[in-house]
Amino acid sequence: MFEKIVLKRLIDGPPISLGELAEALLFYQNVHLVLDHSTLSHLIESIRMEGLLSLLGRKNVTAVYCEETLGISTTKRGVFEYHTPIGFYLSGDATGAVANNRRERLYLTLARYGYDKKQRERLASIFIAKVPMKRLTADDFVKGGVIKAMVKGLTNAPYLQAATRKIVENTVGAEDIRHDFKIDLFESEQEYIVTTDLDINAINNNRARFSPTLDAITKASILTELLAATTDTHLAAYYGGELYTSKISSEVIKVRHAMLLTRIGIDRRELDNFHEIVLPNSPSLSEVINSGEKTFDDFLRVLDKSQKFREWIGGISPDANIVSEYMTSVTSVDWISGVKGKILRYVLGGAVGTATGDIGGLAIGAADSFLVERIFGGWRPSHFISRSYRPFVGER
């Protein structure tokens with residue numbers, strides 16, 4: 001359980017947060033970061049490039065750089081909207097500086113955060129040596145790229161219908177909208193026209209009542225979710241392990257790969273249950289870091305004390321339950337402090353006293369709890385939770 005997680009920015013969402021990263025580092029044996037321009041910039045701003053490179057120096061942390069941004073370009077001609085899936089990356093900045101390759105684009109990013117020429121050259125060289133670059137629109141993850149794979153999937157009418165209904169079912173504001181709508185896709189010279197009887201206006205009227213107002217749903221945003229699910233599918237297949245993704249994306253993936261990807265979200269639910277039951281009065285690790293209450297550097301000091309806890313998690317069977325395993329590990333040694341434990345302490349103390357005199361007996365009496373736990377109890381996951389994790393996250 002918790003062997004590996006792949007962290008990436010949601011296709012139309014915020015970058016990977018430091019809180020999400022911290023939880024992954026603590027609970028998973030291996031963490032792989034799929035960095036895009038937005039996430040790289042966010043991490044440089046938050047922990048500086050030196051901090052990111054230090055993090056990538058840990059043996060269980062790896063990364064790939066996919067600097068492309070995926071999305072849907074929409075133009076309106078006449079009464080129709082024409083949609084095109086695209087991948088793009090920044091080739092310059094607001095000052096007019098032009099970047100012709102990956103290294104130069106890294107220079108521009110680093111310059112924006114105050115690094116001078118010498119620092120940019122050194123840090124970019126280290127980053128390029130540590131982090132391979134792959135393209136989502138090339139053959140790196142799937143032949144023809146993820147955009148081509150997405151378009152191919154949309155030509156499957158039953159999948160398009162079922163996947164879109166899943167998107168609507170999981171969209172805030174669409175709870176009272178009928179889900180037996182129809183949707184069709186027509187190609188016109190590598191552009192796509194979407195027709196549907198889905199009441200998008202009604203959904204957006206509902207979303208407008210929220211405070212703050214939620215973004216409007218459009219045909220383009222539905223296609224964006226389908227593109228996100230296609231991307232996540234191929235990243236999950238390529239890297240293996242749990243993939244950090246949105247609820248909508250995971251539901252869409254399951255439409256097409258129900259048997260193949262049944263573990264999507266299982267580890268996340270296990271962690272949520274663990275926190276709710278074991279630490280009911282504490283905020284999550286992600287919350288205390290993202291709120292600024294604790295820094296990522298503070299967390300790294302806790303992480304350095306977590307090796308045994310992480311090994312314990314890594315040893316749990318994928319078919320087991322983390323809460324049950326934790327409670328078993330705690331209760332299985334409770335007898336140490338019970339009647340039998342008291343007898344054991346008496347016997348141990350008496351034996352030592354007999355061999356060494358009264359002073360020895362008094363000495364074992366003063367230290368018996370420590371010795372008995374070391375001999376018969378050993379390390380337990382509750383030690384890390386009570387001594388390091390709970391003090392770090394505090395209470396609500």
Side-chain angles (χ1 to χ4, degrees), residues 7-24 34-47 69-76 81 83 85-86 88 90 94 112-113 163-179 181 183 194 196 198-229 231-232 243-252 265 268-269 271-272 275-276 282-296 393-396:
L7 287 181
K8 62 177 284 292
R9 181 179 71 90
L10 304 184
I11 196 168
D12 58 347
I16 300 168
S17 73
L18 292 182
E20 293 161 347
L21 179 55
E23 288 187 342
V34 179
L35 302 173
D36 61 3
H37 176 76
S38 176
T39 296
L40 177 62
S41 298
H42 173 69
L43 291 176
I44 293 174
E45 181 180 19
S46 302
I47 59 176
T69 298
L70 300 182
I72 302 295
S73 173
T74 300
T75 58
K76 188 167 185 177
E81 289 182 337
H83 308 283
I86 60 172
F88 63 93
L90 301 178
R112 191 162 65 250
Y113 294 101
T164 305
R165 287 178 178 174
K166 281 295 182 184
I167 293 172
V168 174
E169 286 173 13
N170 289 279
T171 295
V172 176
E175 294 81 2
D176 58 350
I177 303 298
R178 66 182 183 85
H179 294 161
F181 61 87
I183 185 168
V194 177
T196 180
L198 171 66
D199 195 344
I200 294 178
N201 288 333
I203 296 175
N204 288 331
N205 287 338
N206 292 338
R207 292 172 69 84
R209 297 190 184 102
F210 285 81
S211 180
T213 301
L214 300 176
D215 291 339
I217 298 300
T218 65
K219 293 174 182 177
S221 69
I222 292 173
L223 291 177
T224 299
E225 292 290 358
L226 294 171
L227 178 57
T231 302
D232 291 350
L243 178 71
Y244 178 79
T245 187
S246 69
K247 185 177 189 300
I248 289 179
S249 189
S250 66
E251 290 298 320
V252 173
R268 179 71 262 171
R269 291 193 296 273
L271 290 184
D272 289 343
H275 193 276
E276 182 179 347
S282 297
S284 70
L285 181 59
S286 181
E287 287 173 333
V288 298
I289 292 178
N290 288 341
S291 68
E293 183 178 342
K294 295 292 176 68
T295 70
F296 194 71
V393 298
E395 295 188 354
R396 296 185 189 279

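With hydrogens and angles disregarded, no donor-acceptor distance shorter than 3.5 Å links the side chain of N170 to the backbone of I248. Checking side-chain atoms of E225 against main-chain N and O of L223 turns up no donor-acceptor pair under 3.5 Å. Without hydrogens or angle criteria, S282 side chain to G394 main chain gives a donor-acceptor distance under 3.5 Å. At distances below 3.5 Å, not a single donor-acceptor pair connects side-chain atoms of K166 with backbone N or O atoms of E251. A donor-acceptor pair is defined here as one N or O able to donate and one able to accept, closer than 3.5 Å; no such pair exists between the side chain of R207 and the backbone of A216.
One distance of note links CD1 of I44 with OG1 of T39; it measures 11.0 Å at 0.5 Å rounding. Between the CG atom of L226 and the OG1 atom of T231 there is a distance of 10.5 Å, given to the nearest 0.5 Å. In this structure, the separation between OG1 on T224 and NE2 on H83 is 9.5 Å, given to the nearest 0.5 Å. Note that the CD1 atom of I47 and the NE2 atom of H42 stand 8.5 Å from one another [nearest 0.5 Å]. Within the model, atoms OG of S286 and CG of L271 stand 11.5 Å from one another, a figure rounded to the nearest 0.5 Å. Within the model, atoms NZ of K8 and CG of D36 stand 8.0 Å from one another, a figure rounded to the nearest 0.5 Å.
Surrounding CG of D215 are at most 12 heavy atoms belonging to other residues, nucleotides or ligands under 6.0 Å away. The neighbour count for E169 CD, taken as heavy atoms of other residues, nucleotides or ligands under 6.0 Å away, is above 12.
The side chain to side chain contact (heavy atoms under 4.5 Å, CB included) test with L198 singles out one residue from I222, I167, I217, and that residue is I222.
The two residues A202 and I177 make their nearest non-hydrogen contact at CB-CD1, 3.7 Å.
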